[in-house]
Amino acid sequence: MVKTKREGSVIFSEYKRGEAIKAALEKKREDILLELRESKVKGRGGAGFPTATKWMVVAASTAEIKYVICNADEGEPGTFKDRVLLVDYPELVFDGMVVAGYTIGASRGIVYLRGEYEYIRKPLEDYLESMRKDNLLGKNILGKEGFDFDISIRMGSGAYVCGEETALIESLEGNRGEARNKPPYPVNTGFFGRPTVVNNVETLAAVSHIVVKGGDWFRQHGTDKSTGSKLFSISGDCELPGVYELPWGTKLSELLTLVGAKNTKAIQVGGASGICLNKTQFDRTLAYEDAATGGSIMIFNGSRNMVHILKNFMEFFVEESCGQCTPCRIGNVKLLEGVKMIESGEYTFDYIEKLMELGRTMQVSSKCGLGQSSPNPFISILENFKDEIFNGNGGYNG
Ligand SMILES: Cc1cc2nc3c(=O)[nH]c(=O)nc-3n(C[C@H](O)[C@H](O)[C@H](O)COP(=O)(O)O)c2cc1C
Ligand code: SF4
């Protein structure tokens, strides 16, 4: 595991436990929201929604009960940066939750922790207990009369879809983890119908720094549209896999050099549900406005078979589709069948074209982000690796 602590670091820059809470309690809530808006920070969980906008809606609600949820489900294949943050930098994440509670007027925070991370639950609970002892959680936090906030940890059970914010809330409520129709969004009708902020672990960590160091400071990193830095979980064919902090706007080719990747044929940007890029696309940049990602980067060298990689991804989606809506329930099965046909050589270009159309239909007609994004690897791998997959057969122009 590599963590780059270097000049220009944002998330891994200096931070002392409680600093953000102290700074926030000295400010007016409106000023914290303005600072967040200034920073232009967007959600690190994948969708890239502006954090300030989300918080402003909940802060403006007059509801008596509101919630802050930290999405630590981290189910996207190839992602492990949230675990590193929780284990090595819990102060950033939990302080960010307290800041969120203060700013939006919530008194309860919940961490929804990936089922497979059961082994870090106890250390995290011990950490929360130590925060209570220091009055960073509990009643009248740091002497701020009337500000009460506490955090509990709830475990997921291994369903990928439960990382989707509304399925996560259903799961927390004790129901089957299935996505809800949106709207209404959790900011209006969230946990048990109350206004709820759901943020990724890394987003909350970024908030802690922004509250202490300012929106201007944050905006100095990254690009105009993608401010700050990003944690990338880098795996696959490279000498130095691990978690890296890089400014948004970093080129994929720079990243390959940094991690010691050689003879790279493909980069899957954004986990199984992301897009797969070929050599001619390695000068693209990691940014919301170009190759966007929640942080998962998988590197494949020349020895890898692209059809096998795609089959693995599609098997995952068939397994993880919750089955509520037809495009995703049936579509993923059809796409997987198509991959198997390609593998055995029993396909026609006409049928492959129909499957590409099916994929595009799933992207716009599925009920939640799982089915909207699961065709991404199918479409991008067939488009970007068609020479290899179809044996250089020029008959397919997909
Ligand atoms: C199938 C699926 C799985 C998701 N898994 C996660 C996850 O593990 N962690 C996460 O933060 N967001 C995940 N998301 C995105 C969440 O729905 C939501 O956008 C995010 O938690 C909001 O936080 P942010 O604004 O800080 O990014 C997932 C979305 C989908 C569709
Ligand atoms: S898109 Fe897939 S996971 Fe989402 S609701 Fe439909 S069937 Fe369920």
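Just so you know, ligand 1 is whichever comes first in the structure, and atom 1 is the first atom listed for that ligand.
Protein N/O/S atoms closer than 2.8 Å to atom 6 (Fe) of ligand 2: Cys325 SG.
The pair Arg219-Glu38 meets the salt-bridge criterion, since a charged nitrogen lies less than 4.0 angstrom from a carboxylate oxygen. Arg29 has no carboxylate O lying under 4.0 Å from a charged side-chain N of Glu35, or vice versa, which leaves the two without a salt bridge. Under the 4.0 Å criterion applied to side-chain N and carboxylate O atoms, Glu239 and Lys262 are assigned as salt-bridge partners. Between Glu346 and Lys340 there is no salt bridge, since no side-chain N of the basic residue sits under 4.0 Å from a carboxylate O of the acidic one. Contact check on Glu343 versus Lys311 returns a salt bridge, with a Lys/Arg side-chain nitrogen under 4.0 Å from an Asp/Glu carboxylate oxygen. A salt bridge links Asp237 with Arg304; the closest basic N to acidic carboxylate O contact falls under 4.0 Å.
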Where do Tyr89 and Phe12 land on the side-chain contact (heavy atoms from CB on, under 4.5 Å) test, with the steps shown first?
CA-CA 9 Å; Tyr89 301 87; Phe12 294 145; 3.5 Å; yes
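For atom 23 (O) of ligand 1, the closest non-hydrogen atom of the protein is Asn200 N, 3.2 Å. The closest protein non-hydrogen atom to atom 19 (O) of ligand 1 is Ala47 CB, 3.9 Å. From the protein, the heavy atom lying nearest to atom 17 (O) of ligand 1 is Glu165 N, 2.9 Å. Summary of contacts: the protein heavy atom closest to atom 8 (O) of ligand 1 is Glu74 N, 2.9 Å. Of all protein heavy atoms, the one closest to atom 29 (C) of ligand 1 is Glu164 CA, 3.7 Å. Among protein heavy atoms, atom 25 (O) of ligand 1 sits closest to Lys54 NZ, 2.9 Å. The protein heavy-atom contact nearest to atom 4 (C) of ligand 1 is Gly163 C, 3.3 Å. Of the protein's heavy atoms, Gly43 CA, 3.5 Å lies nearest to atom 24 (P) of ligand 1.
The aromatic rings of Phe147 and Tyr102 lie perpendicular to each other, with more than 60° between the two planes, well past the 30° mark. The aromatic rings of Phe232 and Trp248 stand perpendicular to each other, their planes meeting at an angle above 60°, with 30° marking the opposite boundary.
When every heavy atom of Pro327 is checked against every heavy atom of Ser366, the shortest pair comes out as CB-OG, 3.6 Å. Contact record, Ala167 with Val161: CB-O, 3.2 Å, taken as the closest heavy-atom pair.
Taking every heavy atom of Gly75 and a limit of under 4.0 angstrom, the matching atoms of ligand 1 come to 8 (O). Interface atoms of ligand 2 facing Val161, defined by a heavy-atom separation under 4.0 Å, are 3 (S). Every atom of ligand 1 with a heavy atom of Gly369 under 4.0 Å away is listed here by number and element: 31 (C).
A cation-pi arrangement, defined by a distance under 6.0 Å to the six-membered ring centre and an angle within 45 degrees of its axis, is present between Arg114 and Tyr117. A cation-pi arrangement, defined by a distance under 6.0 Å to the six-membered ring centre and an angle within 45 degrees of its axis, is present between Arg17 and Tyr127.
Some N or O of Gly45 is nearer than 3.5 Å to an N or O of ligand 1, by distance alone. For ligand 1, the polar-atom distance check finds no N/O of Asp73 at less than 3.5 Å from any of the ligand's N/O atoms. For a threshold of 3.5 Å applied to N or O pairs, the pair formed by Asp82 and ligand 1 contains no separation below that value. Not one N or O of Tyr160 is nearer than 3.5 Å to an N or O of ligand 1, by distance alone.
Residue Ile104 is tested with Val58, Leu33, Val99 for a side-chain contact (heavy atoms from CB on, under 4.5 Å); the sole match is Val58.
Both the backbone and the side chain of Asn71 come within contact range of ligand 1, each with a heavy atom under 4.0 Å. When non-hydrogen atoms are compared, ligand 1 lies under 4.0 Å from the backbone of Arg44 (N, CA, C, O) but not from its side chain.
Taking 4.0 Å as the cut-off, Cys368 does not count as a neighbour of ligand 1 on heavy-atom distance.
For Phe349 and Phe390, the distance between ring centers is under 6.0 angstrom.
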